[in-house]
**Q** 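Got a structure here, written out as structure tokens. Questions coming.
Below, read A as the first sequence line, B as the second, and so on, with proteins coming before strands; counting in each chain starts at 1. Below, all heavy atoms of this structure are taken into account, side chains as well, without hydrogens, waters or symmetry copies.
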Amino acid sequence: MTADNLGGWPDPQPRMGFFTDTSVCIGCKACEVACKEWNAVPDDGFELLGHSYDNTGGLSANSWRHVAFIEQPVPTDVLAEAEAGPGDMRWLMMSNVCKHCTHAGCLDVCPTGSLFRTEFGTVVVQEDICNGCGYCIPACPYGVIDQRKDDGRAWKCTLCYDRVGDGLTPACAQACPTRSIQFGEVGELRERAAARVEALHGQGVGEARLYGHDPDDGVGGNGAFFLLLDEPEVYGLPPDPIVPTRDLPAMWRRAGLAGLAMAAAVVVSFLGGRP
Amino acid sequence: MKERAMVPEADFRSYYGRPVVRPPVWRHDIAAYLFTGGLAAGSALLAAGGDATGRPALRRAGRTTALGALIASTYFLINDLGRPSRFHHMLRVAKPTSPMSTGTWILSAFGGAAGAAAVAEAAPLLPGPLRRPVTVLGTAGQYGAAALAPALATYTAVLLADTATPSWHAAYPDLPLIFAGSALASGAGVGLIAAPPAQTGPARRMAVLGAALELYGAHRVETSKGILSEPYTTGRAGRLLRAGRTLTALGVAGALLGRRSRVVSALSGASLLAAALATRFGIFDGGVASAKDPRYTIVPQRERLAGSSG
Amino acid sequence: MAEAHPVGFQYVVEAKNRGATVIHIDPRFTRTSALAHTYVPMRAGADIAFLGGVVNYILSNEKDFREYVVAYTNASMIVGEGFRDTEDLDGLFSGYDPELNVYDQSSWQYEGQSDEGQQEGEAHADRETASGLEQESHGPPVPADVPRDPTLRHPRCVYQILKRHYARYTPEMVERVCGVPPEKFLEVCAAWTRNSGRERTTALVYSVGWTQHSVGVQYIRTGAIIQLLLGNMGRPGGGVMALRGHASIQGSTDIPTLFNLLPGYLPMPHHRQHETFRQWVDAIRHPEQKGFWANAEAYAVSLLKAYFGDAATEQNDWGYGWLPRLTGDHGTYQQVLDMIDGKIKGYFLLGQNPAVGSAHGRAQRLGMANLDWLVVRDLFAIESATFWKDGPEVATGEIVPEQCRTEVFLMPAASHAEKEGTFTQTQRLLQWREKALDPPGDCRSELWFFHHLGRLVRERLAGSTLPRDQAVLRLNWPDEEPSGEDVLREINGYDVATGAALSNFTDLAADGTTACGCWIYSGVFKDGVNQAARRKPGAEQDWVAREWGWAWPSDRRTLYNRASADPEGRPWSERKKYVWWDPAAGEWTGYDVPDFEKTKPPSYRPPEGASGVEAIAGDDAFIMQGDGKGWLYAPSGLIDGPMPTHYEPAESPIGNPLYGQGANPARKRYDRDDNPLNPASPVYPYVFSTSRLTEHHTAGGMSRQLAYLSELQPEMFVEVSPALAAERGLEHHGWAHVITSRAAIEARVLVTDRLRPLRVDGRVIHQIWMPYHWGSSGLVTGDSANDLIGIVLDPNVLIQESKVGTCDIRPGRRPAGADLLAYVEDYRRRAEGHDG
Ligand SMILES: Nc1nc2c(c(=O)[nH]1)N[C@H]1C(S)=C(S)[C@@H](COP(=O)(O)OP(=O)(O)OC[C@H]3O[C@@H](n4cnc5c(=O)[nH]c(N)nc54)[C@H](O)[C@@H]3O)O[C@H]1N2
Ligand SMILES: Nc1nc2c(c(=O)[nH]1)N[C@H]1C(S)=C(S)[C@@H](COP(=O)(O)OP(=O)(O)OC[C@H]3O[C@@H](n4cnc5c(=O)[nH]c(N)nc54)[C@H](O)[C@@H]3O)O[C@H]1N2
Ligand code: SF4
Ligand code: SF4
Ligand code: SF4
Ligand code: SF4
Ligand code: SF4
Ligand SMILES: [Mo]
């Protein structure tokens with residue numbers, strides 16, 4: 001299986017994905033709205049969260065893009081600061097999405113085949129096959145895929161499978177005004193991302209780093225990866241995710257061992273002397 | 001590069017304290033299923049052992065409980081599906097990377113076997129020519145079910161562990177021991193309740209061995225996973241697991257000391273069953289709690305990174 | 001900009017990626033600040049002090065682009081002896097009349113012109129009718145030959161006056177008034193000046209954070225002065241650009257929805273100032289003056305021909321008598337007060353939601369509740385159509401639905417995607433849009449509505465001989481419903497005899513042979529082709545992209561682009577080459593349509609006594625101005641002073657650190673019991689500002705009705721700094737209410753470091769910020785920020801001061817019902833007690 005034909009398709013396409021450059025995100029949420037418009041995703045309720053300008057909260061069955069807002073003020077006495085002149089602060093914004101993992105936990109564990117790997121190397125739920133077993137949900141190391149309360153099925157970003165199949169750009173990337181969301185061939189995006197980090201480092205933005213770009217990480221790299229300006233967990237991302245199924249052989253071995261122990265215990269119990 | 005000043009770190013940073021991984025959407029149906037699955041497995045083993053060693057009461061109780069528990073399992077499983085009408089979609093594929101797929105096939109195979117075994121118990125009620133083939137089929141089913149029982153009892157441990165739910169995943173080496181032990185104890189419990197003291201010897205030994213496995217596994221889970229052990233020792237999960245341990249101890253004590261009393265035997269059997277139930281709910285809840293608090297996702301991963309980068 | 005113009009902001013991001021420095025100056029840290037290199041927090045309402053500081057920096061460090069300044073601005077013009085500056089008169093210019101609160105502008109004039117200035121009576125009428133705006137676009141009356149000192153040393157030359165006026169705007173003063181530390185201020189000065197001159201230009205982009213002030217026009221003037229001093233006007237990459245609001249706001253002043261203008265910035269006639277056609281036309285063209293307004297008669301006659309067709313003849317002054325006349329202030333705020341007073345009976349609201357969007361929401365709603373009828377054409381049932389049953393006054397008992405006399409007709413409107421037409425954006429570019437889909441149900445376009453309304457009204461009036469009906473009856477009204485392109489053709493203008501489309505406003509004639517709906521748009525249908533519909537991709541043409549859309553006037557992309565060449569007609573630099581004189585060909589050429597007579601050489605000097613276009617010299621780059629120069633100093637045309645100077649907002653917790661005069665003395669006030677203003681009082685100790693969220697649109701009619709937008713910002717909230725939260729006991733995510741002398745409104749609290757207290761004039765000033773998008777109907781509802789705001793306006797254009805006011809904030813929800821009125825009243829009483 002080559003990196004570009006994860007699904008073992010007879011006619012594979014280049015692997016497609018996103019490079020989301022959070023250093024140019026302006027938090028306009030056009031991506032969130034465009035995704036909902038195109039995919040007819042229901043609204044997620046009208047609740048003020050008080051999490052800066054984020055009233056979506058996170059990715060969910062009803063939000064396949066989520067823009068995080070993080071205010072990082074200087075922790076000093078503000079009145080004293082008014083004397084001294086106000087200091088610096090940062091307001092980080094980041095549009096999160098399904099990572100379309102090379103080794104996708106959700107896909108691995110799906111018992112129905114509803115989740116599948118497309119010819120573009122993306123991970124998609126087939127809504128007519130999903131039976132709502134919910135297994136994919138805890139299996140995602142990023143907390144992305146989610147069950148919709150009213151219909152019980154699992155939903156997440158499809159990387160606009162229908163659009164990409166027609167040669168179009170996914171709705172969120174199309175709507176993004178600042179090109180924070182860049183869509184393209186994963187290999188090419190990785191090069192672009194590396195160049196961008198270098199450029200930012202050159203401009204003195206030393207905190208710029210890539211996340212999810214590395215094919216050697218715990219999920220074999222993401223089809224949708226990011227440029228971040230702080231540690232991943234600040235954005236709600238796991239710092240070192242691992243696809244659960246990486247340990248599956250070991251798990252079965254342990255289960256086998258326990259099973260043997262169980263069988264042995266029964267044999268011993270029944271043959272171990274007559275009361 | 002200049003270090004940017006920011007909010008002082010507590011012990012870890014997260015996004016408004018929101019979970020990083022998503023807690024399982026499974027409700028307690030699944031915890032109950034863990035118990036009934038184990039019960040079915042333990043009962044099937046009890047039935048086979050009883051039959052093989054000429055203890056019909058154990059056979060009968062084991063066979064019927066196995067089927068009963070299996071039916072309950074299926075109910076819980078289907079009830080928990082977001083789309084119950086699509087249960088059969090599980091049977092469209094066999095997917096080795098999905099413990100749930102594997103488990104479904106184990107459960108189905110076990111179900112057929114255990115069903116045949118249980119139906120055979122009704123053989124005496126059948127018309128003459130049918131009795132013999134049904135009995136033979138029942139015996140075959142009984143041993144088939146027994147052969148599958150360890151898989152049925154332990155695959156659920158893999159089912160839980162093969163997730164990003166921190167405390168489940170971290171516990172993958174030990175969960176199967178707990179589940180296997182707990183299934184044995186459950187089977188033993190059934191035997192203790194259903195059979196006359198004369199036939200319960202193996203059940204008592206099963207109880208002791210099962211309890212040992214279970215307690216060992218639980219001890220490992222509660223002590224060797226660093227901060228990921230915490231969810232199993234605190235909150236509701238902690239209370240359930242502690243209750244499970246006490247009930248197991250009581251059950252084992254009863255099984256060993258109450259040899260001659262049918263009532264004490266039955267009580268200790270019930271205690272073992274309750275223990276198995278509490279343990280499964282405890283493990284289930286511990287995992288859910290670990291997913292809800294971002295600390296359990298972030299801190300171990302940070303430690304891992306720190307460890308690998310020196 | 002990132003908040004309200006996210007799509008435009010992509011170019012800022014692009015520039016930043018290419019190495020540009022981005023500085024954001026704003027009272028609060030916004031999504032724009034987040035992407036800026038430097039964020040400069042400052043006090044709302046204090047920008048003139050800041051910009052004046054920049055002017056001072058430029059002049060005292062001689063950072064101005066001297067050759068440009070001498071050639072193209074009025075820096076060298078000598079001002080009359082009578083002029084007195086605010087520096088001499090403690091915050092007033094000479095000529096102030098404390099009775100009418102306006103200036104007699106005679107003393108502001110250039111040397112020897114003092115009889116040209118407006119007398120205070122005229123100035124008063126100008127303020128009432130907001131004709132300051134017209135004056136500026138016309139080039140106010142200024143004769144051609146003014147004494148000059150090109151060495152800029154004469155003590156009364158504009159340059160020296162400017163220098164003296166801004167000398168006090170030192171970095172220390174900027175800090176004292178704005179709360180901006182000197183290092184940050186100087187960083188801005190250095191960046192701006194470094195990026196201007198021969199080789200570089202800087203564009204100034206502003207929006208309503210600068211306009212909605214009682215000194216709004218002077219804010220922009222200060223920006224324009226800096227741009228002129230640095231040589232950033234008429235050159236590529238320069239200019240002063242307003243980021244517009246509603247998609248065709250520029251279009252709505254060109255073909256105006258304003259009460260005081262006719263298409264193409266022709267003034268709406270005033271009953272006393274413009275009794276006759278001749279008075280009206282001469283007021284526009286100023287016979288002795290130079291510049292292109294000299295041809296105003298052709299524009300005016302062609303407009304009347306378009307309105308009245310064959311009925312407009314030379315004998316009847318082209319139907320001038322049928323035009324309505326202004327009698328005073330008919331601005332939107334005066335009208336609302338007139339409604340309250342029962343002077344207005346019926347009202348049309350099209351694409352506007354004043355119940356939420358206009359200052360003093362209570363006055364807006366009480367006014368509309370006192371009409372006989374109200375027609376609302378909108379996409380949704382907005383608050384301005386439902387106020388009588390769900391507005392806040394229903395809760396307080398001031399409006400009783402069963403008794404409210406207003407009959408409301410809600411007419412469903414087609415949205416912009418459901419009809420064809422043009423948008424005109426800030427660059428004056430007209431872009432044609434196709435209709436994407438049919439409107440749902442009974443929704444109809446404005447064109448349909450007005451065509452049929454006009455038809456029906458004319459049918460009702462048929463045969464009437466009443467004078468007041470004649471205008472409507474004589475209108476050149478088609479029987480068939482016109483298409484969008486038919487309208488554009490009419491606007492472009494045509495030859496009356498042949499019907500052929502005109503190709504430029506220079507084709508217009510004053511003899512009735514041409515008709516033209518808006519002279520500046522003439523050429524948009526050149527050759528019978530819809531030029532606004534041109535869409536050649538940028539990659540397929542040069543960087544000026546002249547084959548995309550169509551820009552007025554004459555498809556000119558940059559106004560006054562003669563200034564992109566030096567006085568001799570050579571590009572200032574190779575890098576900034578744009579339009580230049582080609583001596584071989586004997587004509588102006590370049591990337592854009594030259595904003596100059598094509599064959600008039602740089603060396604041309606007008607003959608003695610010339611006027612109009614003939615009087616424009618070869619180096620008079622600002623061809624619409626009466627003296628051909630860019631104005632650093634405005635000898636006339638502005639109601640409130642020839643040079644911007646810092647005044648405090650009408651409501652301010654501090655006195656003016658610069659002068660005894662606090663607020664703009666000429667601001668437009670409506671002193672009435674139902675329009676109280678907060679006195680300076682510790683009862684209202686805080687400064688508040690209101691503006692937009694990316695997630696919502698203006699009064700919310702188009703966003704609070706949509707689930708996908710409503711969920712993104714579901715509740716009205718107020719932002720406060722942690723320090724203020726501590727001072728007032730406000731809890732993050734809890735409730736608070738904000739109180740002014742008009743109202744108290746409640747909102748959820750966001751405690752955020754994005755707002756910070758400032759040290760201003762020796763004390764700590766807390767600022768509060770609120771979005772203004774909420775009202776009582778829609779998927780998400782909430783109190784309206786505009787209920788807090790009183791009516792006080794800029795004197796030149798009558799825009800409301802909605803960017804700054806004073807208030808108090810308290811934890812918890814506000815009182816409800818009649819208690820609310822008592823609560824607000826109690827605050828008012830306490831504030832009056834403290835007054836003085
Ligand atoms: N998403 C969205 N986009 C919009 C609109 C919308 O409602 N929503 N509305 C459209 C319309 S109609 C318009 S007019 C434009 C307006 O566009 P903008 O003018 O950009 O919008 P505002 O948010 O009202 O104000 C801009 C900034 O001015 C700041 N400000 C307030 N007072 C002062 C001051 O005294 N000095 C300085 N320097 N800054 C000040 C505010 O804090 C605010 O950040 O946006 C248009 N675009
Ligand atoms: N406090 C405070 N107040 C402000 C401002 C501020 O910054 N602070 N900003 C001011 C500014 S800049 C503006 S522009 C105003 C905006 O204030 P308004 O213009 O009063 O508010 P909108 O919500 O934009 O109203 C436009 C209405 O037009 C409807 N509409 C849309 N398309 C069409 C159409 O094609 N035909 C018809 N008939 N209707 C249509 C929409 O549904 C909407 O209800 O608010 C001003 N008020
Ligand atoms: S991020 Fe989660 S949901 Fe997306 S592909 Fe990876 S495992 Fe699946
Ligand atoms: S919920 Fe649907 S998509 Fe997820 S694992 Fe189950 S069947 Fe697959
Ligand atoms: S790729 Fe498509 S489905 Fe995925 S977030 Fe973007 S718009 Fe939504
Ligand atoms: S559309 Fe682009 S800029 Fe806007 S929030 Fe999404 S990623 Fe950020
Ligand atoms: S709403 Fe339209 S005009 Fe405004 S920024 Fe977005 S695309 Fe541009
Ligand atoms: Mo606006």
**Q** Measuring heavy-atom distances to chain A, does B/Pro96 have an atom under 4.5 Å in its side chain, in its backbone, in both, or in neither?
**A**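 Answer is backbone: N, CA, C or O of B/Pro96 sit under 4.5 Å from chain A.
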**Q** Among B/Phe284, B/Tyr33, B/Phe76, find the one that has a ring-ring contact (aromatic ring centres under 6.0 Å, His included) with B/His28.
**A**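 Looking at B/Phe284, B/Tyr33, B/Phe76, the match for B/His28 under the ring-ring contact (aromatic ring centres under 6.0 Å, His included) is B/Phe284.
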**Q** Ignoring hydrogens and angles, tell me if any N or O in the side chain of A/Thr22 forms a donor-acceptor pair with the backbone of A/Cys25 under 3.5 Å.
**A**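 Answer holds: no.
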**Q** If you tally heavy-atom pairs under 4.5 Å against chain A, which of B/Leu91, B/Leu81, B/Val208 wins?
**A**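 Option with the top pair count is B/Leu81.
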**Q** Locate the shortest heavy-atom distance separating B/Arg92 from A/Thr112; write the atom from each residue and the value.
**A**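 Nearest heavy atoms, B/Arg92 then A/Thr112: NH1-O, 2.8 Å.
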**Q** With a 4.5 angstrom heavy-atom cut-off, could you sort out which part of A/Tyr142 is near chain B: side chain, backbone, both or neither?
**A**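 Looking at A/Tyr142, just its backbone touches chain B.
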**Q** What pair of heavy atoms forms the shortest contact from B/Thr154 to A/Ala255, and how long is it?
**A**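 What the structure gives for the nearest pair is OG1-O, 3.6 Å.
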**Q** Of the backbone (N, CA, C, O) and the side chain (C-beta and beyond), which part of A/Cys110 lies under 4.5 Å from a heavy atom of chain B, both, or neither?
**A**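 Contact with chain B is through both the backbone and side chain of A/Cys110.
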**Q** Could you check which of B/Arg83, B/His169, B/Arg18 has the highest count of heavy-atom pairs closer than 4.5 Å to chain A?
**A**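 Most heavy-atom pairs within the cutoff with chain A belong to B/Arg83.
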**Q** So what's closer than 4.5 Å to chain A heavy atoms on B/Ile298: side chain, backbone, both or neither?
**A**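 For B/Ile298, the contact with chain A is made by backbone and side chain together.
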**Q** Checking A/Cys130 against chain B: side chain, backbone, both or neither under 4.5 Å from a heavy atom?
**A**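 The backbone, not the side chain.
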**Q** Quick check against the 3.5 Å criterion: does A/Arg90 have a side-chain atom that pairs as donor or acceptor with the backbone of A/Gln72?
**A**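 Judged by distance alone, no pair lies under 3.5 Å.
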**Q** Classify the ring geometry between B/Tyr15 and A/His51 as parallel (under 30°), tilted (30 to 60°) or perpendicular (over 60°).
**A**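 Ring orientation of B/Tyr15 relative to A/His51: perpendicular.
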**Q** Based on non-hydrogen pairs under 4.5 Å, which of B/Val158, B/Leu213, B/Val93 is most in contact with chain A?
**A**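 Looking at each option in turn, the highest pair count goes to B/Val158.
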**Q** With a 4.5 angstrom heavy-atom cut-off, is it the side chain or the backbone of B/Ser85 that approaches chain A, or both, or neither?
**A**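 Contact with chain A is absent: no heavy atom of B/Ser85 under 4.5 Å.
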